[in-house]
J.: 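What follows is a single structure, and I will ask about it in a moment.
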Amino acid sequence: MEEEKKTVRAVERALDVLLCFASGHEWGLTEIANKVGLHKSTIHRLLATLEDKGFVTRDPSTEKYRLGLSILELSAHLSRSDDPSVMLLPEMERLRDQLNETISLYVRDRTERVRIQAVQSTQAIRRVATVGARLPLSVGASSKVLLAFADPGVRDAVLSDPAWPAQLERESIAKQLDDIAAAGYATSFEEREPGAAAAAAPIFSRSGKLVAALSVSGPSNRLTPDRMREFAPAIIEAAHRMGTILG
């Protein structure tokens, strides 16, 4: 019988603390404790350990914490030749130059999507995309793509998750995902935040594995539903080119 996989609670808690900084903000001790849901004394011990190892640093004037240099040392090794965020960047820039809107690359991480690469639009009014941002899989064009083209087991697990928003009826969403899979792309219009719209297509590796979602986003007054339909062939074509780059 397979040995049951177990996690180390202290490590989980330390990683939860580090993930608080994914937004790029500085956080105080009380803010982190509230965000993680642990007592301040526990958070204080975790932060002291992380600070000692260089993963966080504390500003003496504000008493707030931010990421330390050890994070940079680790992240430097992410830029490998087989990293999609590196390999696909030239094609993302090419698509940005073609459509002149912000281009993002998302991967699924359990019940969330993570933006692993972004190329900003050059227009004065644009959708600014932050690399490393974590977003729910329940809304947004990229979320729908990552679910629509995922293995059925993955889709079912996400839709049946207790954290799935109650206002989003699962059967209706499942039908929408089937329609997206047939169309080859997804759109969203002010679903996650007012004034923003996006269109996305799946990126498959040469072996047929779903790797990521390629997204084009911008202000909703410019990226209208009609405009997104016009952009769809270019997004799908770019996603196909990107797939040929990956193994």
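Bear in mind that the values here come from a model prediction, so they are computed numbers and not experimental data.
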J.: How many angstroms lie between OG in Ser41 and CG in Leu29, if you round to the nearest 0.5 Å?
T.: 9.0 Å
J.: Any idea which heavy atoms bring Ile43 and Ala33 closest together, and the distance?
T.: CG1-CA, 3.7 Å
J.: Quick check: does any side chain N or O of Glu190 sit under 3.5 Å from a backbone N or O of Gly195, one acting as donor and the other as acceptor?
T.: yes
J.: Only counting residues at least two apart or in another chain, list the ones meeting side chain to side chain contact (heavy atoms under 4.5 Å, CB included) with Gln167.
T.: Pro165
J.: My understanding is that only one of Glu26, Lys64, Arg66 makes a side chain to side chain contact (heavy atoms under 4.5 Å, CB included) with Thr57; could you say which?
T.: Arg66
J.: Before giving the answer on salt bridge (Lys or Arg N to Asp or Glu O under 4.0 Å), spell out for Arg96 and Glu93 the whole-Å C-alpha distance, their side-chain angles and the decisive distance to 0.1 Å.
T.: CA-CA 5 Å; Arg96 186 274 313 275; Glu93 292 173 336; 5.4 Å; no
J.: If you count heavy atoms of other groups shown closer than 6.0 angstrom to CD of Glu171, is the number above 12?
T.: no
J.: Rounded to the nearest 0.5 Å, what separates atom CE in Met228 from atom OG in Ser188?
T.: 6.5 Å
J.: Does a salt bridge link Arg113 with Asp109, judged by any charged N lying under 4.0 Å from a carboxylate O?
T.: no
J.: Assess the residue pair Val17 and Leu38 against the criterion (side-chain contact (heavy atoms from CB on, under 4.5 Å)); give the C-alpha distance rounded to whole Å, side-chain angles, the decisive distance to 0.1 Å, and a yes or no.
T.: CA-CA 10 Å; Val17 170; Leu38 294 173; 5.7 Å; no
J.: Please step through salt bridge (Lys or Arg N to Asp or Glu O under 4.0 Å) for the pair Glu191 and Lys144, ending with a clear verdict.
T.: CA-CA 11 Å; Glu191 283 187 10; Lys144 290 185 283 190; 2.7 Å; yes
J.: Would you say that Ser143 contacts Leu135 through its side chain, given a criterion of any heavy-atom pair below 4.5 Å between the two side chains?
T.: no
J.: Nearest 0.5 angstrom please: Leu214 CG to Met92 CE, how far?
T.: 6.5 Å
J.: If you define the side chain from C-beta out and look only at heavy atoms, does anything of Glu51 sit under 4.5 Å from Tyr65?
T.: yes
J.: Can you find a pair of side-chain heavy atoms, one from Val56 and one from Leu18, that are under 4.5 Å apart?
T.: yes
J.: If I compare all heavy atoms of Leu210 with all of Pro202, which pair ends up nearest, and what's the gap?
T.: CD1-CB, 3.7 Å
J.: Show your working on salt bridge (Lys or Arg N to Asp or Glu O under 4.0 Å) between Glu237 and Arg241 and close with a plain yes or no.
T.: CA-CA 6 Å; Glu237 181 184 350; Arg241 287 198 305 270; 3.3 Å; yes
J.: Does Glu31 reach the main-chain N or O of Gly28 with its side chain, forming a donor-acceptor pair under 3.5 Å?
T.: yes
J.: Donor-acceptor pairs under 3.5 angstrom involving side-chain atoms of residues 155-164: please list them, not counting sequence neighbours.
T.:
unit_1 : atom_1 : unit_2 : atom_2 : d
Arg155 : NH1    : Asp178 : OD1    : 2.9
Arg155 : NH2    : Ala148 : O      : 3.2
Ser160 : OG     : Asp156 : O      : 2.7
Ser160 : OG     : Ala157 : O      : 3.2
Asp161 : OD1    : Ala163 : N      : 2.7
Trp164 : NE1    : Leu168 : O      : 3.0

J.: Side-chain contact, heavy-atom cut-off 4.5 Å: Ile173 with Glu169?
T.: no
J.: Is it true that a side-chain atom of Gln123 and a backbone atom of Ile125 form a donor plus acceptor pair closer than 3.5 Å?
T.: no
J.: Output yes when a side-chain donor or acceptor of Asp83 lies under 3.5 Å from a complementary backbone atom of Ser85, and no otherwise.
T.: yes
J.: Just one of Val211, Leu146, Val145 clears the side chain to side chain contact (heavy atoms under 4.5 Å, CB included) bar with Arg108, so which one?
T.: Leu146
J.: Tell me who clusters with Ile236, hydrophobic residues only, linked when side chains sit under 4.5 Å apart either directly or through other members.
T.: Tyr185
J.: For Leu147 versus Leu137, what's the shortest heavy-atom pair and its separation?
T.: CD1-O, 3.6 Å
J.: Less than 3.5 Å apart, any donor N or O on the side chain of Ser217 or Ser215 sitting next to an acceptor on the other?
T.: no
J.: Do Asp226 and Thr224 get their side chains close enough for a donor-acceptor pair, meaning under 3.5 Å?
T.: no
J.: Begin from the C-alpha positions of Arg58 and Leu47 and carry the test side-chain contact (heavy atoms from CB on, under 4.5 Å) through to its verdict.
T.: CA-CA 9 Å; Arg58 182 174 59 90; Leu47 286 169; over 6 Å; no
J.: Atom OG of Ser104 and atom CZ of Arg115: how far apart are they, to the nearest 0.5 Å?
T.: 4.5 Å
J.: Can you hop from Ile245 to Phe204 via hydrophobic side chains spaced under 4.5 Å?
T.: no
J.: Kindly work out whether a path of hydrophobic side-chain contacts (I/L/V/M/F/W/Y, heavy atoms less than 4.5 Å apart) joins Trp27 to Ile71.
T.: yes
J.: Taking all atoms of both residues into account, what is the closest heavy-atom pair of Phe189 and Pro225, and its distance?
T.: CE1-CD, 3.7 Å
J.: Kindly indicate, with the supporting measurements, whether the criterion side-chain contact (heavy atoms from CB on, under 4.5 Å) is fulfilled by Phe149 and Ile180.
T.: CA-CA 8 Å; Phe149 295 92; Ile180 289 168; 4.0 Å; yes
J.: Any side-chain heavy atom of Ile32 sitting closer than 4.5 Å to one from Phe21?
T.: yes
J.: Thinking salt bridges, do Glu101 and Arg227 make one under a 4.0 Å N-O criterion?
T.: no
J.: Got Ile116 and Val131 here, is their nearest side-chain heavy-atom distance under 4.5 Å?
T.: no
J.: What is the distance from atom CG of Leu89 to atom CZ of Arg94, rounded to the nearest 0.5 Å?
T.: 14.0 Å
J.: Would you say Arg170 has more than 12 foreign heavy atoms packed within less than 6.0 Å of its CZ?
T.: yes
J.: Same cluster or not: Val107 versus Leu177, using hydrophobic residues (I, L, V, M, F, W, Y) connected whenever any side-chain heavy atoms lie under 4.5 Å apart?
T.: no
J.: For a 4.5 angstrom cut-off between non-hydrogen side-chain atoms, does Leu246 reach Leu88?
T.: yes
J.: Taking a hydrophobic cluster as the set of Ile, Leu, Val, Met, Phe, Trp and Tyr residues connected by side-chain heavy atoms closer than 4.5 Å, whether directly or through intermediates, do Leu95 and Tyr106 fall within one such cluster?
T.: no
J.: If only side-chain N and O atoms count, and only distance matters, is there a donor-acceptor pair under 3.5 Å linking Arg126 with Thr102?
T.: no
J.: Between Val36 and Arg13, does the side-chain contact (heavy atoms from CB on, under 4.5 Å) criterion hold? Intermediate values first, please.
T.: CA-CA 8 Å; Val36 177; Arg13 289 174 169 178; 5.8 Å; no
J.: Please report the closest heavy-atom contact between Ala199 and Ile235, naming both atoms and the distance.
T.: CB-CD1, 3.7 Å
J.: Give, for atom CD1 of Ile203 and atom CD of Glu91, the distance between the pair rounded to the nearest 0.5 Å.
T.: 9.5 Å
